[in-house]
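Throughout, protein chains are lettered first and strands after them, A, B, ... in sequence-line order, and every chain is numbered starting at 1.
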2 protein chains.
Amino acid sequence: MEGQEPQAVAAEQVQRRPRVQKNVTRTIASDICADIFPVGSYLPRENDLCERYGVSRTVIRESLKILESKGMVRGRSRVGTVVCGKDEWNILDAQVLEWIGERIFEFDLLNCILEARRAIEPVAAEFAAERATVQEIADLERAWQAMRDGERDVAGFTDADVAFHTCLLKASHNQVFLQLVGIIQAALKFSLHASNEAAERRDEAIDIHRELVEALRMRDKAAARDCSTRMLDLAARDLATAVKQHSPAKPVL
Amino acid sequence: MEGQEPQAVAAEQVQRRPRVQKNVTRTIASDICADIFPVGSYLPRENDLCERYGVSRTVIRESLKILESKGMVRGRSRVGTVVCGKDEWNILDAQVLEWIGERIFEFDLLNCILEARRAIEPVAAEFAAERATVQEIADLERAWQAMRDGERDVAGFTDADVAFHTCLLKASHNQVFLQLVGIIQAALKFSLHASNEAAERRDEAIDIHRELVEALRMRDKAAARDCSTRMLDLAARDLATAVKQHSPAKPVL
DNA sequence: ATTCCATGAAGATCACCAAGCTCACGACCT
DNA sequence: AGGTCGTGAGCTTGGTGATCTTCATGGAAT
């Protein structure tokens, strides 16, 4: 069925907006992540990049500026643009994480993220227990319901889980914690979908999430912290299976 | 037709060198932080910004792209560029923190940073106790020596303190923790210089830092965590005095 | 070995076209 | 008659391409 809307333009449903800029930036970033432009090497001249991606030099330059602002490349005046080491990248930036995508497994990042979550989320849960508004607790409840209802849909479950943890960080009323939602999203996205077969774990996770909501309602800091910790124990198990599945051949440093 | 005479517009002192781009970006960012372009408002058209800052539209556009990539503004196609809410800014980005500068006191950020540091740094210290290389411990020792020797110079002391904590996060061998060096730098920069009068506190801080180095040498996780916690207690006191000094009139949200 | 210069690539500007969001104006329907 | 809705003009950003300027760099000349 070809949707023929009378007034609108016809046969143009793919790219309503010519998002050339975003596309080019993402493409270059992906190419860098894919080691097409290896760390430490200079990438082609701007004019060559124009041809390679079929866009004007302005677009290329703006893309490079964006990548540079995220620490992925460093423009050296009249010399070229060099790819920075991965330890210089702003890996807390949501866009960077998006560009890395599945290659996050090659970054040894998920373990670091889990460690960071263990340090942060229990504390955030404590803060949430004493600071969350009733509205925020209601939002958490809704996110939990979405997790429970979307139990069979992996993507929906992950989204709901991300929403839950985002709400939790919001409820901690700490701007720094809130900024870390990006890495948590990445961690959940790439840890969860591997453990979709273990349904009983999901049930367990759902129970713990509900317990956390209850703890926040009771303003019970200790219980909230405990729930968060147990949540992360589950996440650790999921991560272990995900890593095992995703890297059949372990590349050595 | 406007001849690019050397004097040009005197609105700003940015008008020379190939550093035009960085200067313009920083200037716009500062103007946003200074509420010259309030949150939620549209900033002037790109052509007007060209005149205001005395540069071409290309430079303006690249600057806006950078600011957009850091969540400070959002470009709406063919409509304008709107300033995002401060909670959307990538406040973990070192550049953003630099642009905010002293106005960090108006962001209610320092308290959040301290809370985050309390969650993270003790854990990072534990990791460092079991993961730090001898080289990294030596770097920490040198940073500590710089703190001790630069005792009288406030700027030097702060720099050394920042270097110390940076080394500590590096020694934790956790990429996520390492990314947080930016906020710690900001916190130290704007908390310490206010308490320079309290010399005895600095002595105390220097002692604790040395103790931490010793704990790492002994691979004593508990001691390392304890040192880090006490360090943050001192930081909390410094922050309290800094805030008191720096905000005579408390601005409400 | 030092100095100088040709080279080439990024930095920056300008002029222009494309496309779509706004808004006001006018026609049409109730 | 009045309100709603289509429509088009105009404005603003998105994108292109040509052009000029500025210097890092490396090789040639001294």
Side-chain angles (χ1 to χ4, degrees), chain A residues 5-28 37 40-69 72-84, chain B residues 1-9 11-28 32 37 40-69 72-84:
Chain A
E5 293 308 313
Q7 355 260 13
V9 281
E12 193 73 35
Q13 76 276 25
V14 182
Q15 287 263 1
R16 280 245 315 245
R17 312 171 193 170
R19 273 301 197 193
V20 177
Q21 175 73 68
K22 283 249 181 201
N23 280 330
V24 169
T25 309
R26 190 181 58 239
T27 305
I28 297 178
F37 304 133
S41 70
Y42 284 83
L43 29 73
R45 295 198 313 273
E46 292 180 352
N47 283 322
D48 291 344
L49 289 173
C50 295
E51 289 196 7
R52 176 193 277 253
Y53 298 107
V55 293
S56 74
R57 189 159 161 243
T58 305
V59 174
I60 292 293
R61 283 179 58 81
E62 288 180 353
S63 292
L64 293 182
K65 279 284 189 297
I66 292 174
L67 296 181
E68 185 173 10
S69 81
M72 294 180 68
V73 302
R74 183 184 312 274
R76 292 186 47 185
S77 206
R78 284 135 207 127
V79 175
T81 304
V82 66
V83 180
C84 291
Chain B
M1 302 311 203
E2 66 265 8
Q4 267 297 19
E5 294 306 317
Q7 43 228 33
V9 181
E12 310 287 341
Q13 71 277 19
V14 288
Q15 273 283 347
R16 35 189 302 252
R17 300 299 176 90
R19 297 183 179 176
V20 175
Q21 173 73 67
K22 284 236 176 193
N23 279 330
V24 169
T25 308
R26 190 182 58 240
T27 306
I28 297 178
I32 290 176
F37 303 132
S41 70
Y42 284 85
L43 21 69
R45 309 175 232 317
E46 292 179 352
N47 282 322
D48 291 345
L49 289 173
C50 294
E51 289 198 7
R52 177 193 276 253
Y53 298 106
V55 293
S56 74
R57 189 163 158 240
T58 305
V59 175
I60 293 293
R61 285 178 55 183
E62 290 180 0
S63 293
L64 293 182
K65 277 286 187 299
I66 292 174
L67 296 181
E68 186 173 12
S69 81
M72 293 179 68
V73 302
R74 182 186 312 274
R76 293 185 45 178
S77 206
R78 283 124 203 145
V79 176
T81 304
V82 64
V83 180
C84 292

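Distance Leu64(B) CG to dT12(D) P: 15 Å, rounded to the nearest Å. Regarding Glu68(A), its CD atom lies at a distance of 12 Å from the P atom of dA10(C), rounded to whole Å. The distance between atom CG of Asp48(B) and atom P of dT13(D), rounded to the nearest whole Å, is 9 Å. As rounded to whole Å, 15 Å separates atom C1' of dA9(C) from atom CD of Glu51(A). In this structure, Glu62(B) atom CD and dG14(D) atom P are separated by 13 Å, rounded to whole Å. In this structure, the NZ atom of Lys65(B) is 18 Å from the C1' atom of dG11(C), given to the nearest Å. Rounded to an integer number of Å, the gap from Ile60(A) CD1 to dA9(C) P is 16 Å. Between the CZ atom of Arg61(B) and the C1' atom of dA12(C) there is a distance of 14 Å, given to the nearest Å.
Using a 4.0 Å cut-off between a side-chain N of Lys or Arg and a carboxylate O of Asp or Glu, Arg74(A) and Glu68(A) do not qualify as a salt bridge.
Between dG11(C), dA12(C), dT13(C), one nucleotide has an atom nearer to the side chain of Ser77(A) than all others, and that is dG11(C). For Ser56(A), taking side-chain heavy atoms from C-beta onward, the closest of the listed nucleotides dA10(C), dG17(D), dT13(D) is dG17(D). When distances are taken from the side chain of Thr58(B) to each of dG14(D), dA9(C), dT13(C), the shortest belongs to dT13(C).
Checked by distance alone, Arg78(A) brings a side-chain donor or acceptor within 3.5 Å of a matching partner on the base of dT22(D). A donor-acceptor contact under 3.5 angstrom links the side-chain atoms of Arg57(A) to the base of dG11(C). Within 3.5 Å, no donor on the side chain of Arg76(B) pairs with an acceptor on the base of dG20(C), nor the reverse.
A residue-by-residue look at Val79(A) and Tyr42(B) shows that Val79(A) has its nearest nucleotide of DNA chain C further toward the 5' end.
Using a 4.0 Å heavy-atom criterion, one finds that Gly75(B) contacts no nucleic acid atom at all.
Between atom CD1 of residue Ile60(A) and atom CD of residue Gln21(A) there is a gap of 9.0 Å, rounded to the nearest 0.5 Å.
Of the possible donor and acceptor atoms, one in the side chain of Asn23(A) sits under 3.5 Å from a partner among the backbone N and O of Arg19(A).
Side-chain contact between Asn47(B) and Arg57(B) is present, with heavy atoms from C-beta onward closer than 4.5 Å. Between Arg45(A) and Leu49(A) the shortest side-chain heavy-atom distance does not fall below 4.5 Å.
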